[in-house]
There are 2 protein chains.
Amino acid sequence: MQRFKVGEMVIDAGAQILMQGSNSPQLYTALHGMGLRYKTLEDGRRQVVNFVMPADFVGLQAAVMGEMAHSVEASSNMVLCVFDRSEFWNFVKSQPARAYDITWLSAVEEHFMGEALTAVGQRSAIERIAWAYYKVFRRGESLGLVSRSRMPFPFRQQDLADALGLSLVHTNKTIAKIRERQMATWENGALHVADVDALAKLAVTEREDVPKRPFL
Amino acid sequence: MQRFKVGEMVIDAGAQILMQGSNSPQLYTALHGMGLRYKTLEDGRRQVVNFVMPADFVGLQAAVMGEMAHSVEASSNMVLCVFDRSEFWNFVKSQPARAYDITWLSAVEEHFMGEALTAVGQRSAIERIAWAYYKVFRRGESLGLVSRSRMPFPFRQQDLADALGLSLVHTNKTIAKIRERQMATWENGALHVADVDALAKLAVTEREDVPKRPFL
DNA sequence: CGATGATTTGACGAGCCTCAAGGTACGTGG
DNA sequence: CCACGTACCTTGAGGCTCGTCAAATCATCG
């Protein structure tokens, strides 16, 4: 896989990595830092579709479907591993095992989107936030980002609001409720989870394993 | 592809095809009729994740990830083309072009889920229903199911409500509004679209092409 | 024709959104 | 070092969208 690594890219917080509708010649794997995937409607409303964490693959959609259906931007400073798309694609096409990995990635992503859809469609505000905290935290654990129940979570409340289909104000008040219940706090870009089980219960989720992702 | 066809399966309306959490040895392609994909929470809430239409592939998730993340059931009588999973998988692995198709399918599905998430997360009730109508209708067109602006849509209002994260009652009232606005009607299992452009505008969508899907 | 399931309608209340203002932290320039 | 601007978080008040409850209408079917 290293053969197709073109280089590393360092990105400042707030910078765009990929634009909705674009067809970039590069693919990336996040190495450090976190970011956002989001779609924008014509009238400006924004849906955050997922958070980008280390080991995530970025740009697959453009590679497969021709153009990106969402934008990607950095929320913290990030380091990305850069691949050349055409090279990469030839490689994948010639190696069934790799094609399988790609499908796998896509399926995992789809699986997550289904869960997110369920969260936004069915859960109340407090359940959604508990769900998001829980998901993020479990993901962080599997990536080794958690120490003493704390992990970096360098987003704004507005980002979480846009991810969960809530207003900023209501998100803020709901975060406060979860803090008061002593389940989790989120301050200064760090998420501290005091009671994972309580979170999971409030979120109405069964404790399932975080799906492994092939690392490219 | 035909080599791996094990047979055809005829299913009555209301029957389960796949269960959430199961790991069926079969894969299907829908040939006739329509169905639902949905996830259920422990407390009974249900999120309809997508509608199954002819040419849709069913069971890919279980094939790739080990088990289904959602259930699938028939809403009308259906005819499915049945494949044996293990055979199928060997075949795909040995044929890069087919592997590509599978990846493509998965990517298209992911793309749709992103749109659905955006709809449920950002749009108001009437926008969501307009969006759903619009999506379904365009999809129907591309499948040749539409004649004189009508297409079969054999679902209950409860199904649409669960797809869009709305209550049954509010869905019903919102459907009535769209009917009053003379944009579309939905009665007796058929969707009649009177003004596609008005629907698209109400839905705040740009008119994009329906992604083609490889047929297996 | 009763029984079951889907659609429809009305009344009422709650959850969430919008508007508005104030607070805090941080960086920049005078 | 302080004034000022900016970005983000916090809090309060009021109102609208949407959910819940309830019951009526309608269709299908044994």
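Residue numbering restarts at 1 for every chain, and letters A, B, ... go by the order of the sequence lines.
- Counting only N and O atoms by type, the side chains of S106(B) and T103(A) include no donor and acceptor under 3.5 Å apart.
- Backbone-only contact: S124(A) has heavy atoms under 4.0 Å from sugar-phosphate atoms and none from a base.
- Taking atom CD1 of I175(A) as the reference point, atom C1' of dT10(D) lies 11 Å away to the nearest angstrom.
- Per the geometry, CH2 belonging to W186(A) stands 14 Å off C1' belonging to dT10(D), to the nearest Å.
- Between N172(B) and dT8(C) there is a side-chain polar atom (N or O) within less than 4.0 angstrom of OP1 or OP2.
- Side-chain N/O atoms of S71(A) and Q16(A) include no donor and acceptor closer than 3.5 Å.
- Two rings, from F57(A) and F88(A), have their centers less than 6.0 Å apart.
- If you check residues 156-168 of chain A against DNA chain D, the residues with a heavy atom closer than 4.0 Å are R156(A), Q157(A), listed by number.
- Regarding N188(A), its CG atom lies at a distance of 12 Å from the C1' atom of dC8(D), rounded to whole Å.
- No hydrogens or angles were tested; on distance alone, a donor-acceptor pair under 3.5 Å links the side chain of K173(B) to the base of dG10(C).
- Contact between the side-chain N/O atoms of R179(A) and the OP1/OP2 oxygens of dT10(D) is found at a separation under 4.0 Å.
- We find that CD of E187(A) is positioned 12 Å from P of dA25(C), with the value rounded to whole Å.
- The nearest whole Å value for the distance from the NE2 atom in H170(A) to the P atom in dC19(C) is 17 Å.
- The pair R45(B)-D162(B) fails the salt-bridge criterion, with no side-chain N (NZ, NE, NH1 or NH2) lying under 4.0 Å from an Asp/Glu carboxylate O.
- The nearest whole Å value for the distance from the NZ atom in K177(A) to the P atom in dT10(D) is 15 Å.
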### Message
Please evaluate residues W186(B) and Q157(B) with respect to the criterion side-chain contact (heavy atoms from CB on, under 4.5 Å), reporting the C-alpha separation (whole Å), side-chain torsions for both, the decisive distance (0.1 Å), and the verdict.
### Response
CA-CA 10 Å; W186(B) 171 29; Q157(B) 295 187 352; 4.2 Å; yes
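- Ring to ring, F51(B) and F153(B) are close: their centroids are under 6.0 angstrom apart.
- In this model, a donor atom of one side chain and an acceptor atom of the other lie less than 3.5 Å apart for E109(B) and N50(B).
- At whole-Å resolution of the value, CD in Q122(A) and C1' in dC18(D) are 14 Å apart.
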